[in-house]
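Structure record follows, encoded as structure tokens.
Letters A, B, ... are given to chains in the order of the sequence lines, protein chains preceding strands, and every chain is numbered from 1. It should be emphasised that the depicted structure is a prediction, and the values quoted were computed from it without experimental measurement.
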Amino acid sequence: MRKRRSSPTGADGLFAERVFAIVRQIPPGRVTTYGRIARAAGARRSARMVGWLLHHAPPDVAAVAHRVVNRHGDLTGGWAWGHPAVMRALLEHEGVTFVDEFRVDLARHLWDPQSDLDDDA
DNA sequence: AACATGACGGTAG
DNA sequence: TCTACCGCCATGT
């Protein structure tokens, strides 16, 4: 039964692949959290792994990784772009509003990977 | 093998 | 609202 591991980087690839697929589905102008992604992907490694995976994500995923923030909406991974201001600029460019210098308005832009049935539609 | 660290999250004070 | 502590999993030293 559920004996996975034995592979680096969640390398079954299952969890990682799952996370990357979800991130790629985040619609522009929307944001989601590490925890939401972890939960939608079957968070066995916890949300911390999501952040770790994003740091090791392929170019196509990194291209939309700015839409992933922590549970408070803070741009904790902003330094991956050299400075959080860069990440903020990318989000604002998509219409995302902020409630603080580096905190997005989750109440208004939060997107849940398990609820991709709403919004736009 | 052990300890410290990290793009996190939840609960408790 | 903010700080502190614990749990989770992989990496680097």
Side-chain angles (χ1 to χ4, degrees):
Chain A
M1 319 10 171
R2 34 215 119 103
K3 56 120 267 174
R4 29 194 57 76
R5 39 222 83 284
S6 301
S7 298
T9 39
D12 338 72
L14 293 180
F15 186 71
E17 199 177 313
R18 197 69 159 186
V19 171
F20 296 150
I22 292 171
V23 174
R24 275 186 278 244
Q25 291 169 54
I26 304 174
R30 293 293 218 175
V31 297
T32 191
T33 69
Y34 300 96
R36 300 275 178 165
I37 295 173
R39 172 173 268 184
R44 297 167 183 294
R45 284 94 192 182
S46 192
R48 203 176 276 264
M49 291 302 92
V50 176
W52 180 87
L53 285 170
L54 257 54
H55 193 60
H56 285 257
D60 60 311
V61 174
V64 292
H66 59 275
R67 296 173 189 154
V68 183
V69 298
N70 74 351
R71 75 175 184 274
H72 295 305
D74 292 303
L75 310 188
T76 52
W79 293 101
W81 282 267
H83 192 285
V86 178
M87 182 177 178
R88 191 180 77 179
L90 289 171
L91 290 168
E92 291 184 307
H93 182 68
E94 298 183 347
V96 177
T97 57
F98 287 67
V99 296
D100 190 40
E101 190 71 358
F102 299 115
R103 177 181 276 190
V104 303
D105 188 341
L106 284 182
R108 185 171 159 149
H109 304 288
L110 178 61
W111 175 80
D112 194 317
Q114 298 188 309
S115 305
D116 55 37
L117 313 171
D118 62 303
D119 178 57
D120 153 75

Can you give me the N/O atom pairs linking the protein to nucleotides 1-6 of chain C at distances under 3.5 Å, or say none if there are none?
none

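Comparing B:dA7, C:dT11, B:dG9 by their closest approach to the side chain of A:Trp52 singles out C:dT11. Taking only side-chain atoms of A:Ser46, from C-beta outward, the nucleotide of B:dG6, B:dA7, C:dC8 with the closest atom is C:dC8.
Side-chain atoms of A:Thr32 come within 3.5 Å of backbone atoms of A:Trp111 as a donor-acceptor pair (strictly under, hydrogens ignored). Formation of a donor-acceptor pair under 3.5 Å by the A:His72 side chain with backbone atoms of A:Asp74 is not found in this model.
A straight line from NE2 of A:His55 to P of B:dA7 spans 7 Å, rounded to a whole angstrom. Atom pair A:Asp74:CG and B:dA7:P shows a separation of 14 Å (rounding to whole Å applied). One interatomic measurement links the two molecules: OH of A:Tyr34 to P of B:dG6, which rounds to 14 Å at whole-angstrom precision. Protein atom NE2 of A:His72 is 8 Å distant from nucleotide atom P of B:dG9, rounded to whole Å. Atoms CG (A:Asn70) and C1' (B:dG6) sit 13 Å apart, rounded to a whole Å.
We find the NE2-CZ distance between A:His109 and A:Phe98 to be 8.5 Å, quoted to the nearest 0.5 Å.
The residue A:Ala65 sits close to a base: some heavy atom pair falls under 4.0 Å.
Using a cut-off of 4.0 Å between Lys/Arg side-chain N and Asp/Glu carboxylate O, A:Glu94 and A:Arg30 are scored as not salt-bridged.
Every residue meeting the side-chain contact (heavy atoms from CB on, under 4.5 Å) condition with A:Arg108, not counting sequence neighbours, appears here in chain and number order: A:Thr97, A:Asp105.
The minimum heavy-atom distance between A:Ala40 and A:Ile22, with the atom names listed, is CB-CD1, 3.8 Å.
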